[in-house]
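Here's the structure we're looking at; comments come further down.
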Amino acid sequence: MVSVEFRGVTKRFGPTVAVNDISLTIEKGELFFMLGPSGCGKTTALRMLAGFISPERGEILFDGHDVARTPPHRRNVGMVFQTYALFPHMTVEQNVAYGLKYRKVGAAERKTRVGEILERTRLGGLGTRYPSELSGGQQQRVALARALVIQPDVLLLDEPLSNLDTKLRVEVREEIRRIHNEFRITSLYVTHDQDEALSLADRMAIMRDGRIEQAGDPAGVYARPKNAFVAGFVGETNLMKAALSQSGGVTALDTPAGGVTIPQQVPGGAREVEISVRPESVRVCDPEYGAVRGRILAVSFFGSTAKLDIRLDSGFEIRALALGAGRRWKKDGAVGVTLEAGDVVVLE
Amino acid sequence: MSSSLSEKPTAGTYFSVAAVLLFFGLFLFYPLFYVFKKSFWVDGGVSFAFFRLMFESAVLRESIINSLLIAVWVTLISAAIGFVLATLMIKTDLPAKGFWGNMFLVPLVLPPFVGAIGVKYIFGRMGMINIILINLGVISERSPIDWLGAPFWGVVILEVMHLFPIMYLNVMGSYALMDPSLEEAARSLGARGLSLFRSVTLPLLTPGFFAGASIVFIWAMTDLGTPLLFEYRAVAPVQIFNAVQSTSENLMGYALVVVVLAITAVFFVTAKFVFARRRVEMAAFGRTSGSMVKLGLPLKALAAALLAVFVIMTMIPHISVVLVSFSQEWFMTVLPEQWSGGFYGRVFTHRMSSMSVRNSLALSGMTIVLVLLVGALIARILTRKKFRGKWVLDVCAMLPLAVPGVVLAFGYVQGFYGTAIDPRVNPVPLLVVSYAVRRLPLVVRALYAGFEQTSVTLEEASANLGAGPADTMRRITLPMIRANVLGAAILAFAFSMLEVSDSLILAMEEKFYPMTKAIYMLMARLGDGPMIASAMGVLGVILLAASLWGAQRLMGRRMGDLFRA
């Protein structure tokens with residue numbers, strides 16, 4: 001197991017800068033996510049770890065050693081490709097054993113290890129099948145088994161779930177979590193799906209236009225997004241302008257949904273700022289108890305929760321996530337709205 | 001964001017590119033350059049003297065005009081036939097389409113040069129047709145009809161019979177690519193019948209049309225074997241052939257070669273770049289089957305009858321060659337008086353023919369090795385590497401389509417005179433090279449398709465699992481493209497066995513004769529020469545048919561693509 005570090009890495013394709021001066025460290029045994037829209041450079045970063053492309057500037061370090069001159073086949077990096085890239089002319093066993101041959105593993109041990117990994121990825125009995133004879137979920141697990149059996153120093157997962165249907169996706173997601181807990185291999189997982197990242201990641205980096213916008217653990221990034229892009233990309237949020245003023249170590253915000261006083265210190269003087277408030281931090285109550293009043297525009301009911309779109313009297317539209325079915329939210333009903341002061345985030 | 005394993009060319013890439021360019025430089029550009037130099041460079045200065053002399057020569061002038069006319073007629077007639085056949089197949093509910101589709105391709109396997117042998121027996125002065133007419137009392141024994149009296153049309157007809165399938169394949173290909181919803185859209189906007197056809201269908205077919213036409217035109221214009229067998233000397237390829245044969249250096253030959261090359265180049269470039277540029281990107285989604293004209297029963301019967309007559313006509317050369325090859329005695333009778341299978345044995349015992357079969361097998365075998373090596377290098381670089389100027393390789397690989405065999409062979413004979421590989425001394429190296437150059441476009445295409453179909457990701461996965469480039473090539477890429485490699489090898493082999501112009505020009509001594517040259521020389525001999533030649537022709541045709549069938553099985557429907565420009 002190794003730690004992986006990007007140090008000032010830049011990669012261009014012609015005129016487009018795919019990866020723009022990124023630096024980050026993935027700790028030993030960590031499941032690290034790169035999350036971002038397509039074209040943000042996350043796949044390029046991953047392919048640089050695999051050695052398929054080399055950085056133009058900067059270094060990639062495995063346990064502190066620069067791997068710039070190590071070709072892909074000597075890196076001992078396992079990779080699960082988005083399309084799985086199973087060799088169609090080989091059986092499941094042959095696919096999985098492929099990498100072992102190049103690691104000088106004897107035939108007997110090869111057989112044991114292949115059998116073992118197939119059991120552990122719940123593919124027992126499928127060894128003699130060809131990839132075309134497997135379901136999408138099974139192919140996915142073969143790809144995973146093939147990458148794991150070589151006991152890689154680093155495991156790379158390139159949108160591994162994007163070719164599965166919704167139900168399977170949740171299943172395989174749990175599978176990946178289980179396998180990562182078992183093997184504890186330093187892993188880089190690239191996706192544009194925030195659910196995957198939030199539910200699996202030890203830490204994650206949000207990328208846009210080749211740059212890392214924010215890195216941290218999922219809860220931290222969700223709770224304290226640095227800017228509007230991160231707030232909007234990770235989870236749902238209400239973005240609004242607010243007038244900020246400070247006095248005596250207290251920061252006051254005048255927002256379209258009423259004034260709030262937030263505990264944290266925001267550097268800089270009085271000015272207009274952009275803030276993010278998650279829907280679940282928008283409290284909805286009877287009209288007379290809220291900081292401001294409004295009227296319900298639309299209700300989406302989910303059983304345990306309900307999503308409300310509310311037009312405030314000021315004209316501002318806000319989304320709230322209300323817990324429980326205790327109240328009957330009705331379209332056009334009058335409500336009161338209060339922001340949860342502790343959850344209001346001032347963006348950069 | 002697609003980038004390949006080695007988006008940056010490595011030292012190995014540069015070495016491969018250099019090797020391939022050296023190959024083209026030496027065996028494609030140098031001989032052409034030599035011919036140009038010889039024809040324009042006189043006494044240390046640029047001169048058009050030879051061109052003036054050439055155009056002053058009535059024979060040469062006539063030859064150029066004849067060749068052009070042959071090419072124009074063959075192209076027009078083949079295009080018309082190919083278009084009608086393809087339209088019948090796609091746009092009507094003609095019964096037994098599978099059967100007809102196969103029959104239309106049969107003529108591809110008979111080189112017109114071989115067919116000419118048989119045709120002479122059928123349409124000769126004392127050939128089958130005249131004997132039938134004499135027996136019926138329609139004509140007199142003393143004044144038989146001279147069917148082949150106009151060798152011009154004999155050549156045109158034989159070449160059309162061989163080449164119309166290429167037009168057919170290309171038009172079919174265009175139809176297959178066409179999104180039927182385009183026609184549906186036009187119909188919904190009010191177009192129908194002929195006006196729909198003219199305004200939408202036909203324009204969408206033009207790219208395929210010209211792709212096929214350029215191959216047919218160049219082929220017909222520069223075919224050497226057919227006019228030689230009809231003893232039709234007033235055409236450019238035969239004049240070039242004569243220029244090589246003559247002992248004294250005939251400098252007008254150079255000028256003639258330059259003119260032929262210029263004509264084919266103009267045609268090729270026009271077809272490729274002017275019309276191909278209009279290639280419409282066809283939609284890949286929501287493909288519907290398109291609408292068909294329902295033929296009534298009488299029309300169906302009529303179409304089937306006409307097609308049957310047509311197909312039988314296209315097979316006359318095949319049938320007649322087979323007849324000749326089995327005929328012990330055939331003189332002044334409708335069918336041979338005595339039959340014998342013995343000429344097939346003679347092919348392998350007769351000195352000249354048996355040696356030529358051995359030579360052709362060896363030459364074609366060596367050709368496979370060379371053409372696969374060069375073709376694989378080019379196809380791999382084209383599909384897997386990125387660097388500036390890569391298109392030059394692509395153009396070079398397709399250039400042999402525009403450079404006629406006679407031109408190249410002429411350049412080899414003159415350009416390599418007195419070198420270590422002088423064909424006058426030993427033609428083997430240049431025969432192999434010329435076969436390889438001629439087949440290179442086909443092989444590059446077949447392998448290119450293979451590499452394209454094999455996702456780069458598989459190669460990356462292999463590298464990722466620890467396999468080096470050589471192991472990846474051996475265990476992943478080659479097994480994946482095996483069908484294409486085999487198909488390309490088979491086709492290259494079969495076409496090399498039947499390559500005419502290079503063989504006729506380059507092999508000058510009997511001990512080096514390939515099969516086609518032996519066929520030509522045997523035809524001229526009395527006695528059993530023509531029968532042995534026919535038997536060899538039939539064997540060659542069987543080989544080619546089997547090869548095409550095998551390659552089709554291996555490569556599937558995409559094989560039609562290989563015969564396009």
[X] and [Y]: which non-hydrogen atoms are nearest, and at how many Å?
X: A/Y98; Y: B/D471; value: OH-O, 4.3 Å
X: A/H73; Y: B/A467; value: CB-O, 3.2 Å
X: A/R103; Y: B/L465; value: NH1-O, 2.5 Å
X: B/T457; Y: A/F81; value: CG2-CD2, 3.1 Å
X: A/P88; Y: B/L458; value: CD-CD1, 3.9 Å

Under 3.5 Å, sequence neighbours excluded: what are the donor-acceptor pairs made by side chains of residues 155-163 of chain A?
| from | atom 1 | to | atom 2 | distance (Å) |
| --- | --- | --- | --- | --- |
| A/E159 | OE1 | A/H192 | ND1 | 2.9 |
| A/E159 | OE2 | A/H192 | ND1 | 3.3 |
| A/S162 | OG | A/Q82 | NE2 | 3.1 |
| A/S162 | OG | A/E159 | O | 3.1 |
| A/N163 | ND2 | A/Q82 | O | 2.9 |

At a 4.5 Å cut-off on heavy atoms, which part of A/L100 comes close to chain B: side chain, backbone, both, or neither? neither
Checking heavy atoms, do the side chain of A/R75, its backbone, both or neither come under 4.5 Å from chain B? neither
Please determine whether the number of non-hydrogen atoms from other residues, nucleotides or ligands lying under 6.0 Å from atom [atom1] of [X] exceeds 12.
X: B/F29; atom1: CZ; result: yes
X: A/R169; atom1: CZ; result: yes
X: A/R57; atom1: CZ; result: no

Output yes when a side-chain donor or acceptor of B/N464 lies under 3.5 Å from a complementary backbone atom of A/P72, and no otherwise. no
Has A/R74 got a side-chain atom pairing as donor or acceptor with B/G468's backbone, closer than 3.5 angstrom? no
Do B/I476 and A/H89 come within less than 4.5 Å of each other through their side chains, counting heavy atoms only? yes
Can you confirm whether B/R475 sits close enough to A/K101 that some side-chain heavy atom of one is under 4.5 Å from a side-chain heavy atom of the other? yes
Examine whether an atom of B/S455 lies under 4.5 Å from a heavy atom of chain A, and if so say whether it belongs to the side chain, the backbone or both; otherwise answer neither. neither
Pairing residues for B/T367 by the side chain to side chain contact (heavy atoms under 4.5 Å, CB included) criterion, not counting sequence neighbours: B/V432, B/Y435, B/A436, B/S496
